Structure formats: structure tokens, C-alpha cells
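This one's a predicted model, so the numbers in the text were calculated from it and none came from an experiment. For the numbers below, each heavy atom of this structure counts, side chains included, while hydrogens, waters and symmetry mates do not.
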Amino acid sequence: MAASKGFWLKQVCNAALVGAVAFVVGGYYDKAADWKAHRVLVAVDPGHDVQSAAAGLKDEDFRQIDCLARNMYFEARSQGQEGMKAVSDVVFNRLKSGLFPDSVCQIITQCSPTSGVCQFSWFHDGRDHAIRDKAAWDLAYTIAYNEWLYHEKMPDSTGGATRYHATYVSPAWGGWNQTVQIGLHRFFKPKAPQS
């Protein structure tokens, strides 16, 4: 009896996913990050239906992905994949905390109504924010796309951090523990309350 069309489609998708995982593990991830050509790569459990997750994206999802990508690009474009993902992890940790606005774009654009200071420095630094580095933008968008779809399945590289600052500044943050340093950023989470 001939195999169904759905069976073969699943076999092809599984083979493509295995190839994508090998591509990522082999270190070629950031050399071919081109979401527009449908070459967005992510390592996930082969039993997970990747096509179904991506097929359900709506315009609002892409708006949130774009906000996330811009934030990673302007905050950490010189720090490669690891540095950009860490910035994204902070955004998702804030989203999970319930202490910040309830969307990625709102978290990234959140500013104090009294001081005008924003949560992410690029958003209020007064500079021109044109995207000029295509390779860094492609990488940021690829990470943002994958984080949007699979952040719950990916490890948090920051150890639960909801704040970070550049290594060359020293803000007066009382009540915060450094979790890790990745590239030029130090990441922090609140100290546990004393009992």
C-alpha cells in the first residue's frame, strides 16, 4: 500500500529539521540567517511540529518579533548571537514576572512618565536608529523569530535576569544580584527577600 502524501511531507520536514539542527550545531547558524528566504533555523525536539507553530503567526506576532529584533539589534548587535539572545531573555523574563507591561513591544518601549527614562537605553538616547548592519539585523531577526516561537523550550542564558547594564557603567542598584556577564553586559535579578 502506498504511503500517504502527509506521511512523506512529515518525513521531509523531519529530515529538514535534522539538517537544520546539524546546521546550527555545526556553527553555520549565523552565516545563513535569512528569515525572508524561509531559512530561519532553530534546534527543537524533532517530535515538535515546527510548521504548525509558524503557520499560526499573525500580523501582531510579527510586530512583536520586529520590536524584539530591534531591541536586540540596538542593544547588543556587536555581541553576536549569545549577547543578543541574552537581551531577548531579559525581555521574556520581564514578561513572565508580571511586574512589567504585558507585551514585548510595551516592555521595550516602557518609559517613566516622570523622568522620561526608558527601560532600554537605545529607546531614549536621541540617536538615529537606522538599521545599517544587514548581517547583524538578519541575526537579530532570526533570534527574535525563534525566541517568539520557542522561548519556552529554550534555556534562559541570563539565569532569570530582568535587568542588565553595560560593563562600562556602574548604576546604583541596591537589592540586585548579578547572575552572569555575557559580552559587554552584566545581568541581574532581584535578591531573594530575607526571612
Side-chain angles (χ1 to χ4, degrees), residues 20 23-24 27-43 53-54 57-97 100-112 116-159 161-169 171 179-188:
F23 196 82
V24 171
Y28 302 102
Y29 180 97
D30 46 4
K31 294 182 181 72
D34 185 357
W35 66 277
K36 290 180 182 173
H38 306 287
R39 290 187 291 149
V40 175
L41 307 172
V42 62
L57 293 177
K58 303 196 175 358
D59 287 346
E60 181 58 23
D61 294 305
F62 284 106
R63 190 174 84 78
Q64 300 295 320
I65 292 167
D66 186 73
C67 286
L68 192 59
R70 287 177 186 281
N71 195 51
M72 288 187 290
Y73 177 87
F74 291 117
E75 288 283 307
R77 73 178 165 274
S78 66
Q79 298 181 51
Q81 179 178 335
E82 187 180 14
M84 284 197 252
K85 183 182 181 307
V87 167
S88 174
D89 287 339
V90 166
V91 173
F92 281 105
N93 288 340
R94 287 180 176 201
L95 194 59
K96 286 184 253 182
S97 76
F100 294 88
D102 60 1
S103 81
V104 165
C105 290
Q106 289 174 338
I107 287 170
I108 291 166
T109 61
Q110 183 183 19
C111 301
S112 165
V117 173
C118 301
Q119 295 290 316
F120 294 93
S121 60
W122 74 270
F123 196 73
H124 72 273
D125 64 10
R127 296 181 185 164
D128 171 33
H129 292 108
I131 295 168
R132 295 185 176 90
D133 183 339
K134 184 180 180 331
W137 172 249
D138 286 347
L139 179 58
Y141 199 98
T142 299
I143 295 167
Y145 182 92
N146 289 327
E147 283 273 291
W148 184 254
L149 287 175
Y150 307 111
H151 68 272
E152 293 175 358
K153 296 177 176 14
M154 295 179 171
D156 174 6
S157 61
T158 69
T162 55
R163 285 188 178 190
Y164 64 90
H165 67 74
T167 55
Y168 49 83
V169 298
T179 58
V180 69
Q181 179 175 325
I182 298 173
L184 296 175
H185 286 134
R186 292 187 180 117
F187 293 83
F188 297 83

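One distance of note links OG1 of T162 with CG of N93; it measures 7.0 Å at 0.5 Å rounding. To the nearest 0.5 Å, the span separating SG on C105 from CG on D66 amounts to 7.5 Å. Taking OG of S78 as the start and CE of M84 as the end, the distance is 8.5 Å to the nearest 0.5 Å. Here I143 contributes atom CD1 and E82 contributes atom CD; the two are 10.5 Å apart, rounded to the nearest 0.5 Å. Distance check: I108 CD1 to S88 OG gives 8.0 Å after rounding to the nearest 0.5 Å. We find the CD1-CH2 distance between I131 and W137 to be 4.0 Å, quoted to the nearest 0.5 Å.
The minimum heavy-atom distance linking S103 with L95 is given by the pair N-CD1, 3.7 Å. The two residues F100 and Q110 come nearest to each other via the heavy atoms CD2-OE1, 3.5 Å. Here the shortest heavy-atom pairing between Q81 and L139 reads N-CD2, 3.7 Å. When all heavy atoms of A69 and A140 are compared, the pair lying nearest together is O-CB, 3.6 Å. Nearest heavy atom pair, residue D156 against residue A161, reads OD2-N, 4.4 Å.
Within the 4.5 Å cutoff, no side-chain heavy atoms of F62 are placed close to those of W148. Between M72 and E147 the shortest side-chain heavy-atom distance does not fall below 4.5 Å. A heavy-atom distance below 4.5 Å is not found between the side chains of N71 and V104.
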*asked:* side-chain contact (heavy atoms from CB on, under 4.5 Å), that's the test. Do S157 and I182 meet it? Break it down for me.
replied: CA-CA 9 Å; S157 61; I182 298 173; 4.0 Å; yes

_Residue pair H165, F188: steps toward the ring pair (Phe, Tyr, Trp, His ring centres under 6.0 Å) verdict_ = CA-CA 9 Å; H165 67 74; F188 297 83; 5.1 Å; yes

_I'd like to know whether T167 forms a side-chain contact (heavy atoms from CB on, under 4.5 Å) with H185, so could you lay out the CA-CA distance, the side-chain angles of the two residues, the decisive distance to 0.1 Å, and finally the verdict._
CA-CA 6 Å; T167 55; H185 286 134; over 6 Å; no

*I65 and Y141: CA distance, side-chain angles, deciding distance, side-chain contact (heavy atoms from CB on, under 4.5 Å) verdict*: CA-CA 7 Å; I65 292 167; Y141 199 98; 3.5 Å; yes

_side-chain contact (heavy atoms from CB on, under 4.5 Å) assessment of R186 paired with Y164_ = CA-CA 5 Å; R186 292 187 180 117; Y164 64 90; over 6 Å; no

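A donor-acceptor pair under 3.5 Å links the side-chain atoms of Q181 to the main chain of G183, judged by distance alone.
In this structure, R77 forms a cation-pi arrangement with Y73, its terminal cationic atom sitting closer than 6.0 Å to the ring centre and no more than 45° off the ring axis.
When only modelled atom types and interatomic distance are considered, D89 and T158 share no side-chain donor-acceptor pair under 3.5 Å. With hydrogens and angles left out, the side-chain atoms of E60 and Q64 include a donor and acceptor closer than 3.5 Å.
Every residue two or more places apart in sequence or in another chain that forms a ring-ring contact (aromatic ring centres under 6.0 Å, His included) with H151 is listed here: F92.
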